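First up is the structure itself, then whatever we jot down about it.
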Amino acid sequence: MGVYEEYAEVYDRSGQLAFSLKMLSYLEKLLQRHPVQGRTVLELACGTGTVAVALAKAGWKVYAVDLSARMLAQARAKAQEAKAHVIWSQQDMRRFVLPERVHLVTCLYDSLNYMLTSEDLGAVFRRVYAALQPGGLFAFDMNTAWALATLWNGETYFNDFGDLAVVFQSKYSEQEQRTTVRVTCFQQVRGKLYRKIVEEHTEQAYPPEHVSTLLCDVGFAIEGQYDCFSFSPPAETSMRIMWVARRPA
Ligand SMILES: C[S@@+](CC[C@H](N)C(=O)[O-])C[C@H]1O[C@@H](n2cnc3c(N)ncnc32)[C@H](O)[C@@H]1O
C-alpha cells in the first residue's frame, strides 16, 4: 500500500486540517504582497482539498491535482458538501498537464519534500513553469533540513482524538538529510474494535541555495523566501520556508 491511501480517510482528523487553515490565512496575506493578474489557480498536491475548496468559494477558478485517489475522494466529498466547483485530476506532479495556463500555482504543506531527488524536484518546477501564464506566481513551502533534524529525528509523537489515535515515529538520516515517518493510526470502527493503519512517509530536505538554483535554471524569478507564516527572511533555524517565484511576464 502506498502513502496517502488508507491514511486519507483520517488525514483531516489526525490534526492536519489545522495546518491547512493556518496556511490559508497566510496565503491571503502573501497574495497581497505578491499579487497575481487573474483568478485561475492550480492547487498542486491538493490532498483532501481544504485550500482548493476555500479558493473556489472565494471566486477562483480552481484546478486541483494529487497523486492519491483516496485523498482526491476526500477532497471531492468536501467540495460537494461546500457546493464548491473544483476541477480535480489524479496526476503525478512531475508530469501533470492542464487544459489551460493559470495565474497562480500553490503547492503546500511540504508536499515538495516528497520529491526525493533533485531531478524530481526540478521536473515539478518545469511542469509548474509551463502551467503558468507569463507573469504567473508559484507559491510553495518546504520543510528545512533543520526541521527534519530537530522535529523528526527519532522523535515519537502520540495524539489521542478519542475514536482515533495517531502515532508518528521518525527516523532521520543526517547524511541524506531525509526523514522517514512511520504513521500508525488506530481508528475506532465498531464498538470496541479498532482498525490499524500503517504508512511510511519519506521527506527529503534541500539546501535553500539548491532550491533557488533549480528555480532559476527553469526560468523563475525568485520574489520571496520567508520563514513560513511570517514575512521575515529565513534563518538557519527556520523550520519551513515559503517560496514565492514568478514566471517572468
Ligand atoms: C502533506 S500532504 C499535503 C496535502 C495538502 N497540500 C495540504 O495542504 O493538506 C502531501 C500531498 O502530496 C501528495 N503527493 C505526494 N507525491 C505526489 C506526486 N508525485 N504527485 C502529486 N501529488 C503527490 C500526496 O498524495 C498528499 O496529498
Side-chain angles (χ1 to χ4, degrees), residues 1-28 30 41-56 62-79 86-98 104-128 131 138-144 147-148 151-152 157 166 168 170 178-183 185 197 199-206 228-229 239-243:
M1 182 76 59
V3 291
Y4 293 105
E5 294 297 334
E6 283 191 282
Y7 180 45
E9 203 185 309
V10 295
Y11 177 84
D12 280 353
R13 291 188 46 231
S14 68
Q16 314 297 4
L17 181 65
F19 183 94
S20 300
L21 297 175
K22 186 174 174 191
M23 185 55 91
L24 262 170
S25 63
Y26 180 55
L27 188 61
E28 207 175 304
L30 196 84
V41 58
L42 164 65
E43 227 296 78
L44 194 57
C46 63
T48 56
T50 304
V51 171
V53 168
L55 291 173
V62 184
Y63 292 94
V65 164
D66 200 279
L67 189 58
S68 160
R70 293 210 185 172
M71 292 295 265
L72 285 168
Q74 296 293 321
R76 283 196 174 92
K78 193 175 285 175
V86 176
I87 304 151
W88 308 101
S89 63
Q90 185 185 7
Q91 300 191 64
D92 190 315
M93 61 176 142
R94 291 165 292 187
R95 291 180 270 279
F96 74 92
V97 283
L98 291 183
L104 171 66
V105 176
T106 53
C107 189
L108 306 171
Y109 206 171
D110 45 86
S111 299
L112 282 172
N113 291 99
Y114 282 76
M115 297 297 103
L116 300 184
T117 66
S118 177
E119 289 71 30
D120 283 347
L121 187 59
V124 179
F125 289 171
R126 279 193 296 280
R127 291 315 309 149
V128 170
F138 181 28
F140 64 94
D141 65 277
M142 289 183 89
N143 269 328
T144 60
L148 300 190
L151 296 178
W152 299 104
Y157 301 101
V166 186
F168 296 97
S170 60
R178 182 181 283 195
T179 276
T180 296
V181 179
R182 188 178 168 88
V183 184
C185 306
I197 299 166
E199 289 190 0
E200 278 200 351
H201 293 231
T202 302
E203 292 205 5
Q204 177 68 47
Y206 293 92
C228 195
F229 302 116
M239 297 290 181
R240 181 181 298 278
I241 295 177
M242 173 57 79
W243 292 85

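Quick note: residue numbers are just sequence positions, from 1. Note that this is a predicted model, so its numbers are computed, not measured. Just so you know, ligand 1 is whichever comes first in the structure, and atom 1 is the first atom listed for that ligand. Note: hydrogens, waters and symmetry copies are ignored here, and every other heavy atom, side chains too, is used.
Looking at Glu203, its side chain never comes within 3.5 Å of a backbone N or O of Asn143 through a donor-acceptor pair. Looking at Ser89, its side chain never comes within 3.5 Å of a backbone N or O of Gln91 through a donor-acceptor pair. The main-chain N or O of Ile241 is never found under 3.5 Å from a side-chain atom of Asp141 such that the two would form a donor-acceptor pair. A side-chain donor-acceptor contact under 3.5 Å links Arg178 to the backbone of Leu116.
Protein residues having at least one heavy atom under 4.0 Å from any atom of ligand 1 are Tyr4, Tyr11, Ser20, Ala45, Cys46, Gly47, Asp66, Leu67, Ser68, Met71, Gln91, Asp92, Met93, Leu108, Tyr109, Ser111, Met115, listed by chain and number.
Using cut-offs of 30° and 60° on the angle between ring planes, the pair Tyr7 and Tyr11 is perpendicular.
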Mind running side chain to side chain donor-acceptor pair (under 3.5 Å) on Tyr4 and Glu199 for me, showing each step along the way?
CA-CA 8 Å; Tyr4 293 105; Glu199 289 190 0; over 6 Å; no
